[in-house]
Number of protein chains: 2
Amino acid sequence: MNFPDLFDAFDAAVLPPGLPDAAVLRLRHDTVARELAAGEQLDLDPGRAFFAFLGVGACKLAAFVSSAREQIVSFHFAGDVVHVPAQGRYGYTLSALTDAQLLVIPADSLSRSGPDSCGMLRLASRETENALARSRETSIILGRRSAQERVASFILAIWDRLGAGSQDDGWIDLPMSRGEIADSLGLTIETVSRQFSELRDLGLIETEGRSALRVIDLPGLSRCAGQLPVAA
Amino acid sequence: MNFPDLFDAFDAAVLPPGLPDAAVLRLRHDTVARELAAGEQLDLDPGRAFFAFLGVGACKLAAFVSSAREQIVSFHFAGDVVHVPAQGRYGYTLSALTDAQLLVIPADSLSRSGPDSCGMLRLASRETENALARSRETSIILGRRSAQERVASFILAIWDRLGAGSQDDGWIDLPMSRGEIADSLGLTIETVSRQFSELRDLGLIETEGRSALRVIDLPGLSRCAGQLPVAA
DNA sequence: CGCTGCTTTGACTGCTGTCAAGTTTGGTGG
DNA sequence: CCACCAAACTTGACAGCAGTCAAAGCAGCG
């Protein structure tokens with residue numbers, strides 16, 4: 001996918017309808033396309049915040065905590081808009097899990113003044129709010145859940161995200177390693193592996209090779225995740 | 001403080017300068033003042049998102065996880081703007097730790113269309129972004145830190161927030177209980193209490209009664225918190 | 001002064017991290 | 001097509017930290 005196609009996809013999927021052409025054109029002007037190979041990391045000015053629209057592939061947003069370990073803030077897939085914050089107490093990096101194509105949009109280009117920029121601002125506000133909601137859910141999972149609940153929650157989330165549109169045989173491919181799963185759940189590789197094995201032994205999931213995964217018993221897995229129905 | 005005083009404080013502290021009078025007036029019209037006694041909970045439409053400006057007092061924003069335990073998302077103090085999200089997977093509540101006075105502003109009233117509303121949108125966007133940054137830091141702390149590091153981080157954060165403007169003798173009053181601290185750090189009451197005792201035995205802090213606290217050795221406490229200097 | 005609820009401390013258990021082998025996987029080059 | 005290799009994954013043994021259960025100590029308040 002080249003820049004025009006990527007931008008069109010972005011326009012169709014994300015931009016609110018009815019934006020003035022001038023605003024879209026200016027946004028298009030500020031936007032840059034990037035192609036990342038699997039494992040490659042997006043190199044940006046750490047002092048500025050960005051939004052990234054992921055057209056193709058899968059990415060992780062990670063905070064640098066120490067040389068030994070990073071905390072993965074979120075995983076993203078085709079069609080997602082990622083909020084990459086400016087460096088505060090921690091530095092953030094966006095890296096590709098698979099070959100990826102994305103658009104990079106400086107956050108301040110969405111919030112520039114001007115009579116026609118309200119739509120852009122609303123977009124930025126909405127995406128930031130989405131990111132906030134996801135982040136707060138992450139906090140809840142990290143604060144209160146056992147290893148098994150975390151892994152089960154993770155599988156459910158990935159299943160929700162990748163299972164629907166995937167092939168009909170019900171298998172999905174995890175684009176991230178066990179280590180990356182561990183880094184996103186605040187666990188070690190070994191514990192993640194053990195929990196995968198246990199969920200397999202319980203007959204809730206099936207795995208094949210490093211990355212193939214199938215959920216057999218969705219309600220059972222939800223129970224393992226400690227999911228409560230949303231309080232009415 | 002009555003409504004006009006509260007709103008003036010909000011205007012002075014938060015609203016960007018140069019907003020059109022009409023926009024400020026409309027915002028003022030959509031804004032409601034609330035007074036909460038300690039322990040009381042703000043009762044809002046759970047289906048809508050709000051911003052709250054805390055004029056006086058201290059509050060906690062909590063997510064309802066199970067009947068046994070809540071996850072406290074953040075603590076807030078006089079002058080803060082709190083983002084109270086609409087109910088998603090979890091319901092959120094804002095409760096007063098001390099007697100509090102606050103302004104409640106529906107989030108959509110900041111994002112309503114109109115040529116003069118860009119300033120409001122920018123405000124909403126900025127506040128949401130602040131909340132996101134704090135939430136991501138929380139995730140990092142919950143995911144990767146030991147009990148002692150969490151408690152030390154918590155004390156440092158509170159000290160930063162309350163220590164500066166406080167009395168000159170260097171004591172601050174914690175408005176939250178050990179249980180609430182535990183709920184915000186993903187620990188149990190007993191562990192929090194043990195860590196307070198240990199930090200006291202280490203000569204890093206001093207406590208008196210339930211709520212009085214003084215930091216004696218700030219660098220030492222930072223070391224206990226496992227703070228890394230921001231990577232250059 | 002005595003109550004109630006919060007906090008502290010102690011003993012013990014269990015989960016998860018650490019360390020250390022094995023085993024599998026998927027790719028690479030012969 | 002097969003053999004080999006490095007990296008990723010799995011499994012086991014063990015230790016340590018934090019949770020659980022229980023009891024005692026305090027603070028604030030009528």
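From a predicted model like this one, the values you see are computed outputs, not experimental measurements. Letters A, B, ... are given to chains in the order of the sequence lines, protein chains preceding strands, and every chain is numbered from 1.
- Rounded to a whole Å, the CD atom of B:Glu198 is 12 Å from the C1' atom of D:dA18.
- The distance between atom CG of A:Asp183 and atom P of D:dA8, rounded to the nearest whole Å, is 13 Å.
- Rounding to whole angstrom units, CD1 of residue A:Ile189 and C1' of C:dA21 are separated by 16 Å.
- In this structure, B:Arg161 pairs ionically with B:Asp80, as a charged nitrogen and a carboxylate oxygen lie closer than 4.0 Å.
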Between the protein and nucleotides 2-7 of chain D, list every N/O to N/O distance that falls short of 3.5 Å.
from  : atom 1 : to       : atom 2 : distance (Å)
D:dA7 : N3     : A:Arg210 : NH2    : 3.3

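- A:Arg178 forms a cation-pi arrangement with A:Phe196, by the criterion of a distance under 6.0 Å to the ring centre and an angle within 45° of the ring axis.
- Phosphate proximity of D:dT10 to A:Arg194: absent, as no side-chain N or O sits under 4.0 Å from OP1 or OP2.
- A:Glu208 has its CD atom 15 Å from the C1' atom of D:dC9, to the nearest Å.
- Side chain of A:Gln195, nearest nucleotide from C:dC19, D:dT10, C:dT16: C:dT16.
- Taking side-chain N and O atoms only, A:Thr191 has a distance below 4.0 Å to OP1 or OP2 of C:dG17.
- Between A:Leu174 atom CG and D:dA8 atom C1' the separation is 14 Å, expressed in whole Å.
- Taking atom CD on A:Gln148 and atom C1' on C:dG14, their separation rounds to 14 Å, with Å as the unit.
- When each of D:dG19, C:dT7, C:dT16 is scored by its nearest atom to the side-chain atoms of B:Leu187, the top-ranked nucleotide is D:dG19.
- Between the base of D:dC9 and the side chain of A:Glu190 there is no donor-acceptor pair shorter than 3.5 Å.
- Residues B:Gln71 and B:Tyr90 form no side-chain contact, since every pair of their non-hydrogen atoms from C-beta on lies 4.5 Å or further apart.
- Of all heavy-atom pairs spanning A:Met176 and A:Ile158, the tightest one is CE-CD1, 3.8 Å.
- Comparing C:dT8, D:dC9, C:dG17 by their closest approach to the side chain of A:Thr188 singles out C:dG17.
- The nearest whole Å value for the distance from the CG atom in B:Leu185 to the P atom in D:dG19 is 11 Å.
- Rounded to whole Å, atom C1' of C:dT7 lies 16 Å from atom CE of B:Met176.
- Between A:Glu70 and A:Lys60, at least one side-chain N (NZ, or NE/NH1/NH2) sits under 4.0 Å from a carboxylate O, which counts as a salt bridge.
- Expressed to the nearest 0.5 Å, how far CG of B:Leu61 lies from CG of B:Leu94 amounts to 6.0 Å.
- Checked for salt-bridge contact, B:Arg144 and A:Asp183 meet the test: a charged N lies under 4.0 Å from a carboxylate O.
- In terms of phosphate contacts, A:Ser197 brings a side-chain nitrogen or oxygen within less than 4.0 Å of OP1 or OP2 of D:dT11.
- For the pair A:Ser146 and B:Ser177, nearest-nucleotide mapping onto DNA chain C gives the more 5' position to B:Ser177.
- Checked against C:dT8, D:dA18, D:dT10, the side chain of A:Ser193 finds its nearest nucleotide in D:dT10.
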